[in-house]
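Written below as structure tokens is the structure these notes are about.
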Amino acid sequence: MNEMKKKALIIIDVQNDFMPGGPLGVPGGDEIVASINKKSLDFEHVIATQDWHPKDHGSFAMNNEDSQEWELGELGGLPQVMWPVHCVADSEGAELVETLNKKALSKIIYKGTDPKIDSYSGFFDNDKKRSTGLGDYLRELSVMEVHIVGVATDYCVKFTAIDAMELGFKVIVHKNCIRGVELNPGDIEKALEEMKAAGIEIY
Ligand code: VGL
Ligand code: ZN
């Protein structure tokens with residue numbers, strides 16, 4: 001018998017602070033929302049992640065002495081970009097964007113809640129010690145294949161996709177439904193290449 005492969009859509013961090021004009025605005029981030037809404041209609045399981053930081057989060061430049069925004073620093077022994085304050089839990093900036101179709105969502109995963117470690121991936125903290133529960137959630141639903149959209153290509157989209165591969169899912173990233181920060185020229189292209197090299201399908 002031909003068994004249907006169960007699939008899920010994972011929408012990464014489509015939040016106000018990541019939209020153009022926001023403190024961590026991703027160029028073109030607002031352009032992908034309509035395509036994401038359209039795509040979500042093809043999925044039974046649609047999961048959104050939200051970057052959800054306490055005010056004292058260690059990834060914020062203002063919480064680190066002698067740190068400048070957008071520069072590389074360190075957090076918990078790992079290299080860490082020092083970000084502007086963004087996606088503070090329960091703030092308006094942390095809300096999913098108004099135009100995203102929330103009725104399609106079956107689950108929300110919050111990440112980055114521990115002040116001592118960042119969490120780019122929707123599955124694990126950056127040190128891989130703590131899981132968000134997303135992997136177990138998908139397994140319980142017998143999902144085998146995950147489709148990933150959202151922001152940012154060179155951070156949370158990339159790390160989520162690579163972790164999903166490592167967890168054994170088939171992973172597809174939809175190029176017309178992602179946008180990147182491009183802190184350094186070439187970062188987006190490099191992220192796409194890294195994902196391809198990890199076996200992730202991009203189209
Ligand atoms: C993200 C930087 C800091 C992302 C989150 O969603 O890609 N980037 N926090
Ligand atoms: Zn963040």
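For this chain, numbers begin at 1 and follow the sequence in order. Start at 1 and go down the list; that is how both ligands and their atoms are numbered.
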With respect to the Zn ion (ligand 2), what is the nearest N, O or S atom of Asp51?
OD2
Does the Lys NZ or Arg CZ of Lys107 fall within the cation-pi geometry relative to Tyr137 - under 6.0 Å from the ring centre and within 45° of the axis?
yes
Lys7 charged N/C atom sitting above Phe43 aromatic ring, 6.0 Å / 45°
yes
For the Zn ion (ligand 2), find the closest N/O/S atom belonging to His86 and write down its atom name.
NE2
Test salt bridge (Lys or Arg N to Asp or Glu O under 4.0 Å), reference Lys158, set Glu189, Glu194, Glu193, output is Glu194
Between Asp13 and Thr49, do the side chains contain a donor N or O and an acceptor N or O under 3.5 Å apart?
yes
What distance separates Asn63 CG from His57 NE2, expressed to the nearest 0.5 Å?
9.5 Å
Assess Arg139 against Phe169: is NZ or CZ under 6.0 Å from the centre of the six-membered ring, and within 45 degrees of the ring's axis?
yes
Pairwise, report which nitrogen or oxygen atoms of ligand 1 are under 3.5 angstrom from protein nitrogen or oxygen atoms, and how far apart they are.
unit_1, atom_1, unit_2, atom_2, d
ligand 1, 6 (O), Asp13, OD2, 2.6
ligand 1, 7 (O), Ala152, N, 3.1
ligand 1, 7 (O), Cys156, N, 3.1
ligand 1, 9 (N), Asp51, OD2, 3.0
ligand 1, 9 (N), His86, NE2, 3.1

Short N/O/S contact of His53 with the Zn ion (ligand 2) (below 2.8 Å)
yes
When His53 is tested against each of Phe60, Trp83, Tyr110 for ring pair (Phe, Tyr, Trp, His ring centres under 6.0 Å), which residue passes?
Phe60
